[in-house]
Amino acid sequence: MGQNARNINSQYQKLLTITAVLILSWALLCLTSYAQTEVQDKSLKSYKLPPRLKNYLQEKYKGQIKEVSSALLETPQGPRGYLDIRGHIKPRNVESASEDKDGRARAVAKAFLKDEAELLGLSDLNELREYKLVIDKGYVHIYYVRYIDDLLFDKFSLHIAIGPDETITYFSASLVPAPSELYQAVAKKMITESEVQKIIEGELTAHGFTREDVSLSSIHKTALPTSPYVVWTAVVDLKNLKKKHDTPSWVYEINAFTGEILHKPDMH
């Protein structure tokens with residue numbers, strides 16, 4: 001093989017190597033991007049509420065329930081409404097290796113939630129997060145909220161009170177279904193926090209305010225059970241404008257996908 005042929009072959013091999021590396025890098029980039037945006041759809045498709053809820057609970061927890069107050073509506077994606085239960089409920093299969101009161105109370109609450117996940121329309125208990133625990137006069141009160149792909153799910157909350165005898169004396173639930181469209185929405189690209197600030201600055205400067213007047217004291221995204229499914233909520237601190245306005249702060253709600261202002265203060 002001549003020198004020219006060897007050079008051509010060497011260049012060809014280098015080209016093949018570079019091409020292979022580029023293809024592999026592109027594939028890895030696609031996989032990484034997919035992994036970052038993929039959200040598992042955990043919505044329910046055919047939820048059924050027990051036809052006689054009070055009887056269902058009293059039969060299941062014989063002699064342990066004193067009162068049931070329910071205003072739940074059945075939807076295919078899960079229950080909507082409120083449920084309050086009072087009594088002395090002893091959940092089954094309580095697992096606790098903890099010696100402290102908090103840990104034992106959490107184990108009782110976890111066992112009850114696992115037992116009633118189907119009733120509550122929860123396909124994945126990992127979506128629940130404890131946001132507050134309070135001990136008052138021997139009772140442990142645990143409060144939970146729900147997150148959809150790391151976004152707080154609006155209007156969903158649970159409150160469980162565990163008594164000194166480690167039974168559930170009170171359970172309260174505010175429930176909203178999480179539809180399939182919500183899981184699809186949270187995987188989509190959303191506008192950024194800085195873009196939200198620019199939208200609000202543009203809105204206020206158009207009404208005579210300066211950029212120095214605009215200060216966001218808080219901003220966060222929230223998942224909703226209905227369209228647009230995700231919104232940015234921003235609180236504009238008007239501390240320096242008290243002489244001009246009676247309201248110390250203004251709240252904006254902005255579509256997290258389009259940037260449309262859904263709620264804003266009345267400028268008049």
Side-chain angles (χ1 to χ4, degrees), residues 36-37 39 42-43 77-78 80-82 121-122 124 126-136 141-160 172-179 181-268:
Q36 288 175 342
T37 58
V39 176
K42 300 174 184 176
S43 63
Q77 293 80 35
R80 179 191 302 277
Y82 304 90
L122 297 170
D124 184 4
N126 290 322
E127 291 185 338
L128 295 181
R129 297 186 190 180
E130 176 188 318
Y131 84 95
K132 185 168 64 173
L133 185 147
V134 178
I135 298 178
D136 182 32
H141 298 266
I142 306 177
Y143 300 84
Y144 298 91
V145 289
R146 184 177 179 182
Y147 278 75
I148 306 295
D149 191 40
D150 215 30
L151 294 179
L152 179 65
F153 189 33
D154 192 39
K155 295 182 173 59
F156 181 103
S157 63
L158 302 175
H159 171 201
I160 301 177
S172 175
S174 175
L175 305 174
V176 285
E181 293 84 355
L182 169 57
Y183 287 94
Q184 295 170 21
V186 296
K188 297 178 181 178
K189 184 179 180 180
M190 305 178 201
I191 62 175
T192 64
E193 181 176 328
S194 61
E195 289 174 318
V196 171
Q197 182 156 359
K198 288 179 181 178
I199 290 170
I200 294 175
E201 286 177 351
E203 171 72 13
L204 290 175
T205 53
H207 285 80
F209 296 94
T210 66
R211 292 183 182 274
E212 289 71 25
D213 294 331
V214 183
S215 174
L216 301 187
S217 59
S218 70
I219 181 169
H220 62 275
K221 283 183 289 189
T222 304
L224 306 177
T226 56
S227 181
Y229 299 109
V230 183
V231 297
W232 278 100
T233 300
V235 178
V236 180
D237 188 1
L238 301 177
K239 188 180 298 182
N240 298 326
L241 305 177
K242 286 184 177 179
K243 293 181 180 179
K244 299 180 183 179
H245 303 276
D246 296 330
T247 307
S249 61
W250 283 346
V251 177
Y252 280 83
E253 285 187 1
I254 296 174
N255 187 316
F257 306 102
T258 66
E260 177 189 0
I261 298 176
L262 305 174
H263 172 82
K264 62 182 179 180
D266 184 355
M267 295 299 175
H268 300 292

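Predicted, not measured: the structure shown is a model, and the values here were computed from it.
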How long is the straight-line distance from [atom2] of [Y] back to [atom1] of [X], given to the nearest 0.5 Å?
| X | Y | atom1 | atom2 | value |
| --- | --- | --- | --- | --- |
| Glu201 | Ser215 | CD | OG | 10.0 Å |
| Ile191 | Gln197 | CD1 | CD | 12.0 Å |
| Lys264 | Ile200 | NZ | CD1 | 11.5 Å |
| Lys221 | Ile254 | NZ | CD1 | 13.0 Å |
| Thr222 | Leu151 | OG1 | CG | 8.0 Å |
| Trp232 | Glu193 | CH2 | CD | 5.0 Å |

Which atom of [X] lies closest to which atom of [Y], heavy atoms considered:
| X | Y | result |
| --- | --- | --- |
| Pro179 | Tyr229 | CG-CE2, 4.0 Å |
| Arg146 | Leu128 | CB-CD2, 4.2 Å |
| Ile148 | Ala178 | CD1-CB, 4.3 Å |
| Val145 | Tyr147 | CG2-CE1, 3.6 Å |
| Pro225 | Pro177 | CB-O, 3.5 Å |
| Trp250 | Leu204 | CZ3-CD2, 3.7 Å |

Please determine whether side-chain contact (heavy atoms from CB on, under 4.5 Å) holds for the pair Phe153 and Leu182, giving the CA-CA distance in whole Å, both sets of side-chain angles, and the decisive distance to 0.1 Å. CA-CA 10 Å; Phe153 189 33; Leu182 169 57; 3.6 Å; yes

Could you walk me through whether Leu152 and Tyr131 pass side-chain contact (heavy atoms from CB on, under 4.5 Å), step by step? CA-CA 11 Å; Leu152 179 65; Tyr131 84 95; over 6 Å; no

Glu195: what forms a side-chain hydrogen bond (donor to acceptor under 3.5 Å, both in side chains) with it, not counting sequence neighbours? Thr192

Side chains of [X] and [Y]: closer than 4.5 Å at any heavy-atom pair?
| X | Y | value |
| --- | --- | --- |
| Phe209 | Val236 | no |
| Leu175 | Phe156 | yes |
| Tyr183 | Asp149 | no |

Residues in side-chain contact (heavy atoms from CB on, under 4.5 Å) contact with Ser174, at least two apart in sequence or another chain: Tyr82, Ser157

Picking from Asn255, Leu224, Asp154, what satisfies side-chain contact (heavy atoms from CB on, under 4.5 Å) with Val231? Leu224

Listed by chain and number, what are the salt bridge (charged side-chain N to carboxylate O under 4.0 Å, His left out) partners of Lys42, not counting sequence neighbours? Asp124

Determine the interplanar angle of the His141 and His159 rings, folded into 0 to 90°, and report it as parallel if under 30°, tilted if 30 to 60°, perpendicular if over 60°. tilted

Evaluate side-chain contact (heavy atoms from CB on, under 4.5 Å) for Val196 paired with Tyr252, printing each intermediate quantity in order. CA-CA 10 Å; Val196 171; Tyr252 280 83; over 6 Å; no

Assess the residue pair Leu216 and Val235 against the criterion (side-chain contact (heavy atoms from CB on, under 4.5 Å)); give the C-alpha distance rounded to whole Å, side-chain angles, the decisive distance to 0.1 Å, and a yes or no. CA-CA 6 Å; Leu216 301 187; Val235 178; over 6 Å; no

